[in-house]
Amino acid sequence: MGRATTAAALALVATLFAAGPVRAERRRAGPVNTAQPTLEEIAVMQSSSKASEVRAAIEAAARLGSPDVIPILEERMRAGLPPALLEAAMDSLVLMLADPGVANVFVSLATHRRSSVRLRAVQALVALRGKSAERVLTRALGDSTPAVREAAAEGLGEMGAKAALDTLFKAFDHGVLLAGKAIGQLANDAALPRILAYLGRVPMPGLTPMFDALLLRRDVSEATKLQIVVRLQELATAEARGYLEGLLARLPPSAPPRLRRAIEDAVVRIAQ
Amino acid sequence: MSENLTISRCLTMSVAVCAFALSACASSLAFSSSFADNRPADVNAVLQRLQAQPRAEQRAVVVGSTAAPTHVFAFDLSANKLLWKQPAAVTTAPIAAGNFVVTPEAGHISIRDLDTGRVRLEIPDDGMGLMGADGDDHLLALVLSTGGSMGARSKLVVLRDGQEILSQAVDHPLGGPAVLGGLVFLPWNRIYLSVLEPTGTEIVRVRVRDDVASQALVRDNTVFFGSAGIFRFDDKITAGGREGATYYRMKREERLPANPGFLRSSSEPPMPATSAVHRVSLSWSPSSQGDRIGLADDNLYLAFYRQIYALDPSGPGVRWIYQTVHDAVGVKALPNTVLIADEQGALTVLDGQGRVRFTSKLGVKPVVAHFRVDSFENSSKAGDEPAPLSVQLVDAALNPDTRLVPMRAMAVTMLAALEDETATSALIEICQDHATPERVRTVACVALSKRTNGGEAVIAALSRHANYVTGTKAPPVGPLSQAALKTGDARAVPHLIAHLQDPETPIEELSPLLIALKGLADASAAEPIADFLRLYHADAEDERMQDALLIAVQTLAKVQGPKAAAVLEPVANDPFGQAKVRAEAARMLASLTLIEEAKAPADGTPPKPVAADPPAVAEGPPERLTLEHVKTALKPVEDKLSMCVRNDSKRPSTARLTLVIDGHTGDVMAVQTLPESLLACVQPLVLSMPFPTTRFGKRETVNYTLTR
């Protein structure tokens, strides 16, 4: 996965795997020990009146790693669970990445009244990359909980949701910081004037993720990148200089020589 | 005090003593307990004198006092100029009376010449306040009093051409006097109006009931007096009560904010000039039409700091509202005219429709202003037409001045009385604006919830959802839901469902929303309500959520009837479920069962299908297994299962059966019971029964309740 939101989603369930191998290895190796409940046992355990037993069933489902547990978990979640068990079940379900059907339950939970559930649902949808994720994440940019908005913005950037660009600009205007990074990941050359308009209006630290993403992309024209550097040079602030210095260090060797020179020139020209 | 004044006072006191002696000899001593009241002949004699001596129109002026350093001033309205301004330690509001300005100052009352402001006389106040003053071209009558009823002290002072001719102290409460036809009309003891010769001789006494005699005033050469209403002093006044006498009292019943009096009460001492009392007042002008009296233009003007309301005195309505930039410190109503003086010295004259006709500057900044004006002629063209009443009310309701909150709430109430769509939209706006004071907002929300018109605005508002990025605020879903329910507008149902599913819908709005869905009883709401119930019945720590879930249970039962059992049964039996919600689900299940049983004929034959429940048709395997499927499958062993429950050692009243069924084959893959002791008895029975397959062949977990 290697992406921030996906990693965050998986981090939530890391504890489930603390005692055992990852799912792929499990499938090859089969059941680890005889204490692992069967599918039928998991189904029955989930109907227990004891929270600990239900939790054990959820955790066992995650360890089992079989797509067959998806409808069982899904059914149990839809039937209603206390918050802690619901979130545990979500953490287990997110592991069933191969099953596109699992996304549906997260779509419905993305409008749950608990913001912690919505956040998990958004992170899961980013990880699952279902067809409906883009629509749900775009809507989640308008969530009243900052963490949900930020996760949605980051996810849209990661998913390459170009259709959400306009909403991301609006979200950035309303202080959704990670929308800046997503804009940097998604914007095309035509969006440059809108991006440059932030210079001098938005503090530099808020813009650096956007510029970072944009300047390090291969599918953005050199002319656009040079224009950004020129405007940063014109800004001539210590923060702009510091940013360009840092960028210079991070530029890949394959970066266009003209861009590298332009950054070097800008750093020199901005007075200390 | 000057020597001249001292001499003058000695002379006038001598005159007063002589007058006292004379009146005593004639048995007409004012305030005597032996004086006969309500004698028609006496009244008619006075009325003839009034007719013979009409009062000439008096100079139109505004008098008042300013903030520290305090000054008393007089402004000529006809000449539109400040006559004079003089430093004075003004204590309560000055009054223009006759050719003088009567000003309460520290320890005394100053009588100033209206033309020049020169002090003509100073009268010790003896610890009393100025209750009122009036005059004509020659006479001036003023009353000082402690206020109150028991133990009240008062003094009547009469001046003729600036010379004191009477100063009579009494142990009665006296009210504000009026002067007409060379006579003094004096309310006293709260039930009497006496007509006195300027020397103090009482010639008529009227005793009233149904109202209090507190203040007297002259309008169009007619004397009016009263407190909560007004009596006209005419040939019917001897009737003494509202039946028989010519009397007017407004029919408006609700208490106005700050409760301003119709007329000033004689039992209350005058308030300081700087008191807010002077910024909250009623103003009106009496009008006579034959045997009836009323208010000119049928308008009662309420001044409340920066807002002037032209109220309907006969009901809760309002005709227009005018808002001033600064506090109105003096208001005077005349026929088709309202004069307003504000604290910054702006003088504004409105016509009877609330249009500005004239503006000017007083040249001073008054803290209190008193108009003495019989008519105000101005040929200026009327200002702009006022905005529609609904817009005026919205502007008034949204005025951010915190002192206006009670009036703003009243403006919202008045707005609610309007039936147009604009009013509905405005109520929605005010209800959803959390920056609006809670009192005002609550009035708007309550009014909105009772709205029976403006459906388009309600639907439009319901279609809106909160969104951080677009800056859209959540509409007031609760009141809007109730409004939709009032009108039975089924168009609201999909919007209500959308808000039920929207996490931004405030938790306190869920109950009214669900009540509306229950009332509208649209079948399309069943599934979303079922989802809501399933999702949150085990996540309901908040009491407001519990309440919403209880209503959801009831709504589902109403919308779905017996079919709701498929949702209610698992909820009722879910050990994680909130106790109140489970209990309500169980109660609903029981009532649904009773309804079903009632449908069954007494002879035991199977019940006929209910009309609303069409006969089943072959549709292939179901998508999912429901309780109905399980119930049908277990029907053959139903009695035996009940026997298992009855015979169980733990003797439960009900038991829970959990089945895991392979949707592909219909095989029972697992059986669990609660209590577990039942398993041995129940499991073989369940395993012996075939269960239906499902369309998608998924594994199904079903919870089912076994009864004894």
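Lettering follows sequence order; numbering is per chain, from 1.
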Give, as side chain, backbone, both or neither, the part of B/D502 having an atom under 4.5 angstrom from any heavy atom of chain A.
backbone
Does B/K580, at its NZ atom, have more than 12 non-hydrogen atoms belonging to other residues, nucleotides or ligands within less than 6.0 Å?
yes
Heavy-atom proximity to chain A below 4.5 Å, by part of B/I507:
both
Where A/R118 and B/P503 come nearest, the two heavy atoms and their spacing
NH1-CB, 3.4 Å
For B/L657, which atoms come within 4.5 Å of any heavy atom of chain A: side chain, backbone, both, or neither?
neither
Indicate the atoms forming the closest heavy-atom contact of A/G142 with B/N467, along with that distance.
CA-OD1, 3.4 Å
Name the option with the most non-hydrogen atom pairs under 4.5 Å to chain A; the candidates are B/N573, B/V571, B/T505, B/L659.
B/T505
Under 30°, 30 to 60°, or over 60°: which ring-plane class applies to A/H112 and B/Y536, parallel, tilted or perpendicular?
tilted
What do you reckon, is NZ of A/K50 surrounded by more than 12 foreign heavy atoms closer than 6.0 Å?
no
Please identify, among A/R114, A/R149, A/R76, A/K170, the residue contributing the most non-hydrogen atom pairs under 4.5 Å to chain B.
A/R149
Pick whichever of A/G175, A/G80, A/A51 has the most heavy-atom pairs under 4.5 Å with chain B.
A/G80
Contact part of B/T472 toward chain A, heavy-atom cut-off under 4.5 Å: side chain, backbone, both or neither?
neither
Under a 4.5 Å cutoff for heavy-atom pairs, which residue among A/A179, A/A171, A/P83 has the most contacts with chain B?
A/P83
Any side-chain heavy atom of B/T470 sitting closer than 4.5 Å to one from A/H174?
no
Tell me whether the count of non-hydrogen atoms from other residues, nucleotides or ligands lying under 6.0 Å of CD in B/E543 goes above 12.
no
What part of A/L141 gets closer than 4.5 Å to chain B, counting heavy atoms only: side chain, backbone, both or neither?
both
So which atom in A/T167 and which in B/V469 form the shortest heavy-atom distance, rounded to 0.1 Å?
O-CG1, 4.1 Å
Name the member of B/L533, B/D531, B/L535 that forms the most heavy-atom pairs with chain A at distances under 4.5 Å.
B/L535
Given a strict heavy-atom distance threshold of 4.5 Å, which part of B/D574 is in contact with chain A: side chain, backbone, both, or neither?
side chain
Between B/Q578 and chain A, which part of the residue has a heavy atom less than 4.5 Å away: side chain, backbone, both or neither?
neither
Please state whether the side chain, the backbone, both or neither of B/E504 comes within less than 4.5 Å of a heavy atom of chain A.
side chain
Greatest number of non-hydrogen atom pairs under 4.5 angstrom with chain B, of A/I72, A/D143, A/V54, falls to A/D143
Contact origin within B/T658 toward chain A - heavy atom pairs under 4.5 Å
side chain
Can you see which heavy atom on B/R534 is nearest to which on A/R78, and at what distance?
CB-O, 3.1 Å
Where does B/L674 contact chain A at under 4.5 Å (heavy atoms): side chain, backbone, both or neither?
side chain
Minimal non-hydrogen separation, B/P575 against A/S48, with atom names:
CG-O, 4.5 Å
What part of A/E40 is in contact with chain B, defined as an atom under 4.5 angstrom from a non-hydrogen atom: side chain, backbone, both or neither?
both
Check A/S47 against B/R656 and note the closest heavy-atom contact, atom names and distance.
O-NH1, 3.3 Å
